[in-house]
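Only one structure is covered here, and it is reproduced in the block below.
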Amino acid sequence: MAIGLARMLNVRLPLNFASPYKATSIADFWHRWHITLSRFLRDHVYIAMGGNRRGALRRNANLMTTMLLGGLWHGAAWNFVLWGGLHGLYLLMGRIYPWRLPAFAGRTLTLLAVLVAWVPFRASGIDATVAMFRGMAGLNGIALPQMIVHAVPPLAIIATAVPALPSLGDGRTLSFPEVTACLALGWVIVLALPSVHELSQRTRGWTLSAGFAFTVQALFFAPNATPFLYFQF
Amino acid sequence: MAKSRVIASQARQSSSRWLIRGCLASLLLYALAFGSLFDRPLAFGFLRAQIDAKLEHAAMIQEPKLVILAGSNGPYSHRCEIIEPVVHMPCLNGGIAVGIGLDYLFARWQLYLHRGDVVYMPMEEAQYVRTRAATAVGPDAAIMFRHDWRTLATLSPDRWLAGLFAFDLRFALMAPTEAVLLAAHFHDPRPDVTGTMNAWGDHVGHTAELAMPNQATVAALPRAHASAEQVRAGYGTSLIISFIRWANANGIRVIGGLPTEFADHPMPGETQEAMQSVYLANGADFIVLPNFSRYPRSAFFDSAEHLNETWQAVHSRLLAEQLRWHRVPIAAAHPDDPTGRPAPRNMPTD
């Protein structure tokens with residue numbers, strides 16, 4: 001929307017996101033994610049502090065400082081600092097251990113690292129972050145809707161049956177496979193299909209107009225739609 | 001130069017026309033697909049079957065009847081099977097689910113309610129405060145657009161539009177999935193896990209034993225209550241008031257009631273008063289049970305609106321005693337009522 005509105009004023013905004021989840025390394029991720037901010041931090045913080053011109057130790061310190069400031073740019077809270085710190089750590093590890101992984105392994109590892117870092121970014125605070133990490137590590141066990149466990153009894157070996165999973169729709173019966181299917185579709189679109197910028201103008205037109213009805217539905221009639229995350233920044 | 005500018009302008013116009021046509025085709029395909037092809041027989045068909053079964057039953061009752069209208073609090077926490085012999089009136093549990101729009105619920109039931117009937121409404125807080133936008137896109141929107149154009153036509157035009165756009169990508173994904181499951185004779189686990197519906201429309205079989213796996217979750221369920229102001233200003237409230245007025249004009253007695261709730265986290269007094277005044281200020285009655293419909297968490301099945309079967313019976317007996325004095329009994333319509341019961345307020349005089 002921002003790109004379209006700017007075009008109406010004859011302003012061409014630079015590309016800001018280039019399929020970041022297709023990145024094969026964390027460095028690649030930062031070439032694709034919030035590109036304008038990455039460039040700003042690189043030009044005005046990292047290079048301004050000396051970049052990689054004063055030895056490996058200073059380079060690493062500059063890199064970490066830049067990422068911590070990048071975290072702070074998103075909000076004055078410790079969880080954003082932690083997010084920036086995690087990315088700084090990932091970048092440092094990439095520099096210290098410059099392994100060349102096969103594309104699929106690199107992509108998987110990068111995606112996993114990015115998703116782990118999203119936890120402090122989105123959590124309401126450090127306590128919530130720790131609670132989420134505990135859950136992700138399976139320290140709270142696995143819960144599944146009682147009806148799913150009833151329908152597939154072997155699941156009872158690994159999962160505790162609960163009446164509802166409030167965070168997954170109503171999480172009662174069909175909303176669980178429903179949300180799972182939607183997530184799977186989302187990941188297929190994100191990881192396997194070309195981005196809008198990679199499509200030809202004709203294909204882009206087809207894609208956009210084919211999904212027009214769903215766009216109207218989502219914009220005006222979706223009761224639980226959450227606003228675009230970056231509206232808050 | 002001028003010629004190239006003209007060509008560029010023509011290309012832009014042609015591209016715009018092409019995009020507009022594409023968007024219109026998208027809308028047309030969407031309407032056709034969801035209006036006649038895609039359906040969710042397991043998720044929404046389940047609700048539709050319940051609504052239709054209850055209305056079919058209502059159509060067969062010729063004498064004055066008691067109908068319970070609410071969300072799932074109705075069938076889970078109230079038992080017409082127990083209430084009926086106490087109030088000496090056929091009783092029908094018409095509640096389905098909290099997500100079903102009240103305008104839809106009332107529109108369907110208005111066709112089957114007649115002079116002398118009594119409607120008891122233990123509406124859940126969420127039903128009072130639900131917004132117009134949320135009401136418009138509930139599951140009933142998809143049900144109406146796909147199967148019940150007649151009812152949709154009786155509702156406001158914003159409901160028509162919301163009906164058309166009630167289908168999201170999830171619906172498109174799950175419709176073929178559910179069709180395949182149905183074709184493969186998928187065994188629906190719901191009756192085994194939560195119980196089923198009896199001839200009165202009550203939910204039965206949600207025993208304390210079946211509730212055992214839910215107890216830890218129920219014990220930890222957070223409870224937020226609506227404020228009095230939210231109840232007064234709620235869109236659901238305005239629909240309830242319209243229904244009460246319609247009922248008054250048609251000789252149907254409406255009685256409000258409190259929904260069941262956790263005794264350890266009751267609704268604020270002001271909220272309850274606001275709820276009561278919705279009925280009392282519009283010529284209906286309101287029943288407050290001695291226990292304010294509050295029960296310990298161990299009495300619930302899987303949420304604050306769903307008592308387990310044992311406590312459903314307890315609650316229904318308590319309520320039946322109160323309803324006995326508030327109903328519009330055929331006998332009490334005569335001035336020399338041999339039972340000597342006090343005449344209910346707003347009693348029809350025919």
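Letters A, B, ... are given to chains in the order of the sequence lines, protein chains preceding strands, and every chain is numbered from 1.
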Report task. Show your working on side chain to side chain donor-acceptor pair (under 3.5 Å) between B:His206 and B:Asp302 and close with a plain yes or no. Result -> CA-CA 9 Å; B:His206 52 308; B:Asp302 60 0; over 6 Å; no
Query raised in the report: Do A:Ser38 and A:His31 come within less than 4.5 Å of each other through their side chains, counting heavy atoms only?
Result: no
**Report entry** Those residues that, when tested against B:Asp52, pass salt bridge (Lys or Arg N to Asp or Glu O under 4.0 Å) (two or more places apart)
**Finding:** B:Arg108
Report summary line: Scored by heavy-atom pairs under 4.5 Å with chain A, the best of B:Ala136, B:Gly22, B:Ala25, B:Ser26 is B:Ser26
Query raised in the report: Passes ring-ring contact (aromatic ring centres under 6.0 Å, His included), B:Phe145 versus B:Trp160? Steps please.
Result: CA-CA 8 Å; B:Phe145 191 78; B:Trp160 306 347; over 10 Å; no
Report summary line: Checking heavy-atom separations under 4.5 Å from chain B, one finds in residues 190-209 of chain A A:Arg202, A:Gly205, A:Trp206, A:Ser209
**Report entry** Check: B:Asp158 and B:Arg132 side chains under 4.5 Å, non-hydrogen atoms
**Finding:** yes
**Report entry** Most chain A-contacting option - heavy-atom pairs closer than 4.5 Å, from B:Phe171, B:Phe165, B:Phe301
**Finding:** B:Phe165
Report task. Indicate whether any N or O donor in one side chain lies under 3.5 Å from an N or O acceptor in the other, for B:Thr260 and B:Asn73. Result -> yes
Query raised in the report: At a heavy-atom separation under 4.5 Å, does B:Leu173 approach chain A through its side chain, its backbone, both, or neither?
Result: side chain
Query raised in the report: With only heavy atoms counted, which part of A:Ala161 is less than 4.5 Å from chain B, the side chain, the backbone, both or neither?
Result: backbone
**Report entry** B:Arg223: partners by salt bridge (Lys or Arg N to Asp or Glu O under 4.0 Å), with sequence neighbours left out
**Finding:** B:Glu305
Output side-chain donor-acceptor pairs under 3.5 Å for residues 131-139 of chain A, partner residues at least two apart or in another chain, one line each.
none

Query - Side-chain touch B:Phe262/B:Tyr295, heavy atoms, less than 4.5 angstrom - result: no
Report summary line: Among B:Thr177, B:Leu19, B:Val218, B:Asp168, the residue with the most heavy-atom pairs under 4.5 Å to chain A is B:Asp168
Query raised in the report: Is there side-chain contact between B:Ile100 and B:Ile51, with heavy atoms separated by less than 4.5 Å?
Result: yes
Report task. Identify which part of B:Ala172 has an atom lying under 4.5 Å from any heavy atom of chain A, answering side chain, backbone, both or neither. Result -> side chain
Query - Toward chain A, the part of B:Thr194 with a non-hydrogen atom under 4.5 Å - result: side chain
**Report entry** Proximity breakdown for B:Leu161 and chain A, heavy-atom pairs closer than 4.5 Å
**Finding:** both
**Report entry** Per-residue contact mode, B:Phe46 against chain A (heavy atom under 4.5 angstrom)
**Finding:** neither
